[in-house]
Amino acid sequence: MSIVEEFIEVYGAREHNLKNIDINIPRNKLVVITGISGSGKSSLAFDTIYAEGQRRYMESFSAYARSFLGNMERPDVDKINGLSPVISIEQKTTSRNPRSTVGTVTEIYDFLRLLYARAADAYSLNTGEKMVRQTEEQIIQQIIEQYEGQKVSILAPLVRARKGHYRELFAKITKMGFTRVRINGELEMIVPKMQLDRYKTHDIEVVIDRLKVSADDQERLTRSLKLALKEGGGVLMLLTEQSQVRFFSRNLMCPSTGLAYDEPAPNTFSFNSPYGMCPQCAGLGVVNEFAEAQIVPDAKLSISQGALAPFGEYREIWLFKKLEAVLKPYKLSLNTPLEKFSEEAMRILMYGSAAPVQVDSTKYPGTQWDTTYEGLIPFLKKQVLEGSEKMQKWAADFIETSACPSCKGARLKTESLFFRIAEKNIAELAQMDIKTLTLWFQNIDKKLSNRQKSIAHEVLKEINKRIGFLNDVGLDYLCLDRAMRTLSGGEAQRIRLATQIGTQLVGVLYILDEPSIGLHPRDNDKLIRALQNLRDLGNTVLVVEHDKDMMLQSDYLIDIGPGAGKFGGKVVAAGKPKAFLKEKSTTASYLNGLIGIDIPKERRVGNGEFLKLEGCTGHNLKNVTLNIPLGKMITMTGVSGSGKSSLIHETLYPILNSHFFRARKQPLPYKNLEGLSHIDKVIEIDQSPIGRTPRSNPATYTGMFTDIRALFAQMPEAKIRGYKTGRFSFNVKGGRCEDCEGGGKKVIEMEFMPDVYIDCNTCRGKRYNRETLEIRFKGKSISDVLEMSISEALTFFDNQPAILRKVQTLADVGLGYVTLGQHATTLSGGEAQRVKLATELSRKDTGKTFYILDEPTTGLHFQDIVHLLNVLQKLVEKGNTVLVIEHNLDVIKVSDYVFDMGPEGGSAGGVLIAEGTPEAICKAKNSHTAKFLKLEMK
C-alpha cells in the first residue's frame, strides 16, 4: 500500500509579478524558496500563501467581529489546497516600544518574576539583614519568652515620616476609646483639638494597651496584639520601660528598624507596573535630562559670544536685556566668561528665580518693566512639552539620555531589588547574557533550600527550556534586558522563532523571511537545527532564504525567477537538494560551483593613510585599538555579539559624525582618534526604515520625485490649467485625493495587533484626484509613474538626465524590481539600506569620503551580491574608504582588509583577534571566521 505524500497545492498564483504559477509544496518538510531579489519569492510565500491563510482565519470570526476588522482582500490565486493554520515570522515587525525587551518577548522574564515572587529571600534596604515574617502565635510566644514579668506598651504605627497636622486622626483615635499616642518618640495624652506642625514630618503611634507580660494572662495580650496588628496594617511596636522599641510584623519586616515590605507578587518585579517600576524613570532604566555640557559647550565664552548654545550670540532682543538685568545683582555682564560665574549665578541662569526683575524699557525711556526670569532649562522643558514640532526637535538636541540615578538602569524600585535568590536580584539576572544565565541556572539547585526547590521546580523547568531555545537559534550573547528596538531584523526574527519553538504547536505552517540575517556561519548550524526541530514536531516550515547552507540542508528547494520584477514570477527549478543541483537555474549554478564570485588577483594598497582609534572600552570591548587603512574596501566581521556594532556604530561613527556634522550623540568610551584630516565626511548607511508611513517611498527619499513633479508641471495641458509642481504632490491639498489625504491607503487601527493598511475607496490607491491624473507624460499619469518598476523607469526617463541618474543608481544596487512609489513600510531592512546607498551614490563624492555599511547583503541573492560589490568597488576606486560590517563570506573574500572580532559573543568577546588581508585571516588560530573563510577561498 503506497502512502501518498501530502502537499500544499497552489494553483494559478498571479499576485504581483507571479505568472499564473502552479506549485506543490510538500507538507511537514523544511522548504526553502529562493531566487534573485524581486523575483517573486515573498509574493508567493507571504502575499499569496500567508495572506490566504490569514484571510481564512479572519473569515472564521463572527460577522460582528469582522465589521470592526474590515474585509481582507483575497490574494490573486485560483485555489490553494492543504493549507494549515499559518504563522508568519517576518523581519519588519520589531517593536519600537522601549518597554519591550528580550525577556518580556520570550516570556523568560515573566517566569523570573513568578520565581522571585514565590521563592526569593527579602533583605532590608536599611541594614541588609534578612527580613522576617511571623504569625500571631509566633509573636505572642516571642513576647512571653523575652519580656516575661516586664511592663510594656503595645503600640500600633499609624503615620510614618509624613507631614500634616493630623487633627482629624487624633479625633478619630479618641472616638475609638484610646487616650495616649506616641509622637516622634514621645508619649503624650490626647487633648481636645490636638494638632501638630503641618510642615514637619511626624511618626505617630497609638498606645493600644499597657500591661505586664505574663504567661498566665495570655488572653489580654492576644486581644491587644490582634487589635494592634489590625490598626497598624500588620505591624506592631513593643515599647519597654527603658524606652527600647521592638517591631513585630505579619508581613516581611526588618527586625532592627521595623521596615516592612508588602507581600511580594509577580508585579512587584515588573518594570511595566506601578507596583514594581522605579518611580524616577517609570521603569525605562534611563532618564532624559537637559545636559549642561550640551547647553554650555564652551565655558570660556561669554553669553554675548554665544556661550549658551540655545540662545546663540547677542542680539538686540528682549531676552538678552532680561538676562542683563538678572546678572546685575551679581556684578556680572553679558561679556563675562561663564567660567567666572559663581555657582549661585549659574543656578539662576539655568533654573531661573521667582524674584522680580526690572528691565529698562527702550520704547518708554526712564521706565522699567517688572517681569521674572523662568530659567533656561524650564524654558527648554516647556518647548519639549508644548512647543511646535520644530521647537520640540530643536529643544531635544540639548537632551542627554543617561542611566537613571535612582535604579542605576535596573528599572525597578529599590525594594524589589532587595529580593534575592542565591545572592542575585532579578535585575542582575536580566543583565547577564544568555550564555552566563544558562550556567547560573544549571548550578542553582545547589544554592536553594529544600523549601525553595519545591516551590521553584516547575518554574525553573520552564525558564531552562526557554533559555535553551535562545541558545539553539544562536542568540546566547543577548541579555534579557536588551530592548527589542535595538535588535537587527534577523535577531528579532530568531527571538520570535525561539518563542514559537517554545509553544510546541503541531500541524502549523510557519513562514520565515531570511532568518539567517546577521548570523555568522558558525551559528548557522544551530539555526538550521532549530528549524528542523520545528519540522520534526509535525509542522511545515517554509523559508524565504538566500543562505547556501540552509538551501543544501533543506528537504525541498523552489527557485523563483529567472529575473526580477516583470522578468521573474516563474518557477525555474524545484526539487530535493541533490536533484536541484543538476538544474540549470542561476541559483543551482552558484550552489554547484559553476558560477562564483572571483577572488581579486591582487589587493589594493590604499592611499597610505590611516584612521587610528585607540582604547575602546564600551559595552563588552576590551581596550580595542583599530588601525583603519584608508582608500580600501574593509570588512569588519566576527561572531554575533562580538562587539562589531559597539566598535563601529556606537564608537567610531558618533565620533566622526560629531566632528564633521556637529552631531550630539555621545560615543562609547575611547581614548583617542587620529587621522581625521585624511577624510572629509562620513556617511553611515544602516537598515533603519526610510520612512514609517506609506507616504515615504524610493522616489521621495532619493529626491527624484521633485524632478518628476517638475516634469509633469511642464506638460502643455498642466500649463494651460495653471498647475504648478505642488499640484503633483500627494502631501499638500490641491492635486491629491482628499479622502486618504494622498496616502493611497487608509489605516485600520487594530487594538492588539499591528495597524492594517487598505486601499482608499475613492482613488483606489492612486493618491491623486481625477483632474491631476489627466495630465500625462508619454501617455502615463503621475500615479502610473509611481507604479513603475525601477527597470521600466530606466527606459521611460531615458531622455531626462536628472531623473535618469538617480534611477540608474537604484538599478545599480539591485533594486530594479522595486517600484518608484513602493511604500516604505513594505521595504525590508536590506532594501531600505540599498535605497540609501543609491541616494548617496547619486550625489557627487569627494574621493575622501568614509562610508559605513551594516550588512548590505541582507536579502540579496548571489547574483545581486555581484552587482552590489561592483558598486562598492567603484566607490573605492574613486579614492573613498568603504567599511562594511558583514558575515557574508563572498564579501569578506573580496575585501582588501579584514578586522575579525571575537573570539565569542557577549562577555567572551570584545577582542580584535585578527586583522589583515583575507589570506592573513585564514591563518588566524582562534578565529571562527578563519575556518569558514578557508573553505570559501579554496
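Sequence neighbours left out, the pairs with a member in residues 526-549 that pass ring-ring contact (aromatic ring centres under 6.0 Å, His included) are His546-His861. Applying the side-chain hydrogen bond (donor to acceptor under 3.5 Å, both in side chains) definition to pairs two or more places apart or across chains, those involving residues 897-908 are Asp433-Ser907, Arg522-Glu904, Tyr897-Glu915, Asp900-Ser927, Asp900-Thr929, Glu904-His928.
Between Val866 and Tyr590 the shortest side-chain heavy-atom distance falls below 4.5 Å. Taking the side chain as every heavy atom from C-beta outward, Ile683 and Ile852 never approach each other to under 4.5 Å. Inter-residue side-chain proximity for Ser895 and Ile634 is flagged as unmet; no heavy-atom pair is nearer than 4.5 Å. For the pair Glu650 and His619, the minimum side-chain heavy-atom distance is below 4.5 Å. The side-chain heavy atoms of Thr635 and Ile885, taken from C-beta on, include no pair separated by under 4.5 Å. For the pair Phe441 and Leu429, the minimum side-chain heavy-atom distance is below 4.5 Å. Looking at Leu837 and Pro856, their side chains never come closer than 4.5 Å, going by heavy atoms from C-beta outward. For the pair Leu869/Ile597, a side-chain contact is recorded, criterion being any heavy-atom separation below 4.5 Å from C-beta on.
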>> Pair Thr839, Tyr701 - check side-chain contact (heavy atoms from CB on, under 4.5 Å), show working.
In response: CA-CA 8 Å; Thr839 308; Tyr701 189 85; 3.4 Å; yes
>> Evaluate His16 against Asp47 for side chain to side chain donor-acceptor pair (under 3.5 Å), listing each step before the verdict.
In response: CA-CA 8 Å; His16 298 158; Asp47 300 329; 3.2 Å; yes
>> Quick one, Leu542 with Ile49, criterion side-chain contact (heavy atoms from CB on, under 4.5 Å). Give me CA distance, side-chain angles, the key distance, then yes/no.
In response: CA-CA 10 Å; Leu542 195 58; Ile49 297 171; 4.0 Å; yes
> Would Val543 and Tyr510 count as a side-chain contact (heavy atoms from CB on, under 4.5 Å) if you check the C-alpha gap in whole Å, the side-chain angles of each, and the deciding distance to 0.1 Å?
Replying inline: CA-CA 8 Å; Val543 185; Tyr510 286 101; over 6 Å; no
> Would Glu840 and Lys836 count as a salt bridge (Lys or Arg N to Asp or Glu O under 4.0 Å) if you check the C-alpha gap in whole Å, the side-chain angles of each, and the deciding distance to 0.1 Å?
Replying inline: CA-CA 6 Å; Glu840 293 304 333; Lys836 293 177 188 177; over 6 Å; no
> Can you list the steps and then say if Leu883 with Leu652 is a side-chain contact (heavy atoms from CB on, under 4.5 Å)?
Replying inline: CA-CA 11 Å; Leu883 175 59; Leu652 177 63; 4.2 Å; yes
> For Thr438 and Asn471, what are the C-alpha separation, side-chain angles and deciding distance, and is it a side chain to side chain donor-acceptor pair (under 3.5 Å)?
Replying inline: CA-CA 9 Å; Thr438 307; Asn471 280 313; 3.0 Å; yes
> Hey, mind stepping through Asp896 and Arg604 against salt bridge (Lys or Arg N to Asp or Glu O under 4.0 Å) and telling me if it holds?
Replying inline: CA-CA 6 Å; Asp896 302 315; Arg604 288 185 193 84; 2.7 Å; yes
>> Go through it in stages, so that I can follow the logic: the residues are Asp559 and Thr34, the test is side chain to side chain donor-acceptor pair (under 3.5 Å), and I'd like the CA-CA distance, side-chain angles, deciding distance and then a yes or no.
In response: CA-CA 5 Å; Asp559 190 8; Thr34 190; 5.2 Å; no
>> Using side chain to side chain donor-acceptor pair (under 3.5 Å), reason through Arg482 and Thr101 one step at a time and then give a plain yes or no.
In response: CA-CA 5 Å; Arg482 174 87 176 262; Thr101 66; over 6 Å; no
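From Tyr109, atom OH reaches atom CG of Leu480 across 9.0 Å, with rounding to the nearest 0.5 Å.
Among all heavy-atom pairs drawn from Leu487 and Leu478, the shortest one is CD2-CD2, 3.9 Å. Smallest separation of non-hydrogen atoms from Glu583 and Ala574: OE2-O, 4.0 Å. Scanning all heavy atoms of the two residues, the minimum distance from Ala930 to Ala924 falls at CB-O, 3.6 Å. Contact detail for Thr48 and Ser43: the closest heavy-atom pair is OG1-O, 2.7 Å. Contact between Ser37 and Tyr817 at its shortest, heavy atoms only, is O-CD2, 3.2 Å. Across Phe862 and Thr587, no two heavy atoms sit closer than the pair CE1-CG2, 4.4 Å.
Salt bridge annotation for Asp555-Lys29: absent, with no cationic side-chain nitrogen under 4.0 angstrom from a carboxylate oxygen. A salt bridge links Asp476 with Lys526: at least one charged nitrogen is closer than 4.0 Å to a carboxylate oxygen. Between Glu919 and Arg603, at least one side-chain N (NZ, or NE/NH1/NH2) sits under 4.0 Å from a carboxylate O, which counts as a salt bridge. Taking the charged nitrogens against the carboxylate oxygens, Glu491 and Arg494 have no contact shorter than 4.0 Å, which rules out a salt bridge.
Remark: the backbone N or O of Leu557 is not paired with any side-chain donor or acceptor of Lys576 at under 3.5 angstrom. Looking at Ser589, its side chain never comes within 3.5 Å of a backbone N or O of Leu594 through a donor-acceptor pair.
With sequence neighbours left out, the side-chain contact (heavy atoms from CB on, under 4.5 Å) criterion links Asn880 to Asp845, Thr849, Tyr851, Leu875, Lys878.
In Lys548, the NZ atom is not crowded: 12 or fewer heavy atoms of neighbouring residues, nucleotides or ligands sit closer than 6.0 Å. Within a 6.0 Å sphere centred on NZ of Lys622, heavy atoms belonging to other residues, nucleotides or ligands number more than 12.
Across Glu545, His887, Gln493, a single residue satisfies side chain to side chain donor-acceptor pair (under 3.5 Å) together with Ser516, and that is Glu545.
Remark: the Thr104 side chain and the Asp110 side chain contain no N/O donor-acceptor pair separated by less than 3.5 Å. Side-chain atoms of Asp547 and Asn524 include a donor-acceptor pair closer than 3.5 Å. Side-chain N/O atoms of Glu514 and Thr858 include no donor and acceptor closer than 3.5 Å.
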